[in-house]
Novice: 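If you scroll down you'll find the structure; I have some questions about it.
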Amino acid sequence: MQIVSGIAEIRVFRQSRGGVTLGLVPTMGYLHEGHLELVRRARRENDLVAVSIFVNPTQFAPTEDLSRYPRDLERDFALLSGESVDIVFVPDDREMYPSGFQSTVLIKGVTQPLEGARRPTHFEGVATVVAKLFNIFQPDRAYFGQKDAQQSVVIRQMVRDLNFNLEVIVCPTVREADGLALSSRNKYLTAEQRAAATALYRALMAARHLWDSGQRGADKLRAAMLGVLTAEPLARVDYVSTANPASLQEWEGEIPAAEGVLLSMAVFFDKTRLIDNFLLTSTESE
Ligand code: AMP
C-alpha cells in the first residue's frame with residue numbers, strides 16, 4: 001500500500017496504470033467499520049482502491065470541532081492495509097489549499113435545508129474538496145455513506161451538474177449492536193452520553209414503526225421522533241425532519257408513499273452533535 005501526500009504522486013500513480021478501474025473512498029480519517037465497509041465495496045468493484053484522509057478545514061465553521069477532530073493516522077494505515085487498499089492520500093492543508101486559492105463549488109437547492117440550514121458553509125466546503133479529489137484521482141466510482149444522507153444527495157447533484165464522469169455509490173449505515181450509527185465523533189461521548197445516544201436510533205425506529213403500520217402524516221412521524229428524543233434528558237434536539245428524499249424539502253401533511261421519506265435528525269449531547277437518518281420508501285426501509 002502506497003501512502004502519499006502529494007497530488008503529483010497521485011497523478012503518477014493514475015497515469016502509470018492505464019485501462020483499469022479505480023474506486024475512491026474520501027474520508028476524514030479516524031476510521032471505523034463504516035468507512036471500512038465503503039472500502040470493502042470499492043475493493044470488490046474496482047481494480048484499484050484509493051482512500052483519502054483529509055480533515056477538510058473548509059467544511060468546518062469557526063465554532064465547530066476542527067481542532068479537536070480525532071486523528072490516528074498510524075491506526076488508519078494499519079486498517080487500510082488490512083483491506084488491501086492500493087493507495088492512501090494524506091495531503092496537508094497547504095497541498096489542498098495553497099496560498100492564493102480562490103475557487104469553490106457552490107450548489108444551490110439541496111444544500112439549503114437540514115444540515116445546510118444549521119451549517120451554512122458546510123456543503124460548499126464538502127463539494128469543493130470532493131470536486132478536487134475527483135479531479136485529482138479521476139475515479140470510476142466514488143463511495144459515500146448513507147449516514148451522511150444529505151452529503152450523498154449533494155455529491156450526486158454536483159456530479160450530474162458538472163459532468164463528472166464517475167458513478168456515486170451510497171452504502172448503508174453501519175451501526176453498533178444497540179443501533180448507534182458509527183461515527184468518528186462518538187469518541188467525544190462520555191459513558192453516560194454514549195448510553196443516551198441510542199435515542200437517535202430509537203427515535204428513528206419509532207417513526208419507522210409508524211410508517212410500516214401505514215402512518216403517512218409527516219407531523220405524526222416528526223412527533224414520534226421528538227417524543228423519544230425529548231424523553232432523553234442528556235439529548236438536546238437540533239432538528240428532526242421528514243423530507244422528500246430527492247429534493248430534501250420538508251414534507252407537510254400526507255407523504256406520498258411512492259416518493260418515500262428521509263427521516264433525519266441532529267442531536268446535541270453537550271457539545272457533541274450527532275446525526276442519523278433512515279430512508280423509507282413504500283417497498284423497502286433504510
Ligand atoms: P467521514 O470520515 O466522517 O467524513 O466519513 C467518510 C465517509 O464514510 C462518508 O461518505 C460517510 O458518509 C461514511 N460513513 C461515516 N460513518 C458511516 C457509517 N456509520 N456507516 C456508513 N458510512 C459511514
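Values below: every heavy atom of this structure, side chains too, minus hydrogens, waters and symmetry copies. Order of listing sets the numbers, starting from 1, for every ligand and every atom in it.
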Novice: What residues form a salt bridge (charged side-chain N to carboxylate O under 4.0 Å, His left out) with E37, not counting sequence neighbours?
Specialist: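 If we apply the salt bridge (charged side-chain N to carboxylate O under 4.0 Å, His left out) test to E37, skipping adjacent residues, the hits are R40.
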Novice: Looking at Y201, does the NZ or CZ of R175 lie under 6.0 angstrom from its six-membered ring centre and within 45 degrees of the ring axis?
Specialist: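 No cation-pi geometry.
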Novice: Any protein N or O within less than 3.5 Å of an N or O in ligand 1? List each pair with its distance, or say none.
Specialist:
{"residue": "ligand 1", "atom": "2 (O)", "partner": "M28", "partner atom": "N", "Å": "2.9"}
{"residue": "ligand 1", "atom": "2 (O)", "partner": "H35", "partner atom": "NE2", "Å": "2.9"}
{"residue": "ligand 1", "atom": "5 (O)", "partner": "H35", "partner atom": "NE2", "Å": "3.4"}
{"residue": "ligand 1", "atom": "10 (O)", "partner": "G145", "partner atom": "N", "Å": "3.0"}
{"residue": "ligand 1", "atom": "12 (O)", "partner": "G145", "partner atom": "N", "Å": "3.2"}
{"residue": "ligand 1", "atom": "12 (O)", "partner": "G145", "partner atom": "O", "Å": "3.2"}
{"residue": "ligand 1", "atom": "12 (O)", "partner": "D148", "partner atom": "OD2", "Å": "2.7"}
{"residue": "ligand 1", "atom": "16 (N)", "partner": "L182", "partner atom": "O", "Å": "3.4"}
{"residue": "ligand 1", "atom": "19 (N)", "partner": "V174", "partner atom": "O", "Å": "3.0"}
{"residue": "ligand 1", "atom": "19 (N)", "partner": "L182", "partner atom": "O", "Å": "2.9"}
{"residue": "ligand 1", "atom": "20 (N)", "partner": "V174", "partner atom": "N", "Å": "2.9"}

Novice: Can you tell me which residue pairs pass the salt bridge (Lys or Arg N to Asp or Glu O under 4.0 Å) test with a partner in residues 239-263, sequence neighbours excluded?
Specialist: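 Sorted pair list: R222-E250, R222-E252.
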Novice: Sequence neighbours left out, what passes side chain to side chain donor-acceptor pair (under 3.5 Å) with E115? Give chain and number order.
Specialist: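 Y239, R273.
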Novice: Does atom CG of N165 have more than 12 heavy-atom neighbours, drawn from other residues, nucleotides or ligands, at distances under 6.0 Å?
Specialist: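 Count not over threshold, so no.
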Novice: Distance only, no hydrogens: is a donor on one side chain within 3.5 Å (strictly under) of an acceptor on the other, for T21 and D47?
Specialist: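 Checked: T21/D47 side chains pair up, N/O donor to acceptor below 3.5 Å.
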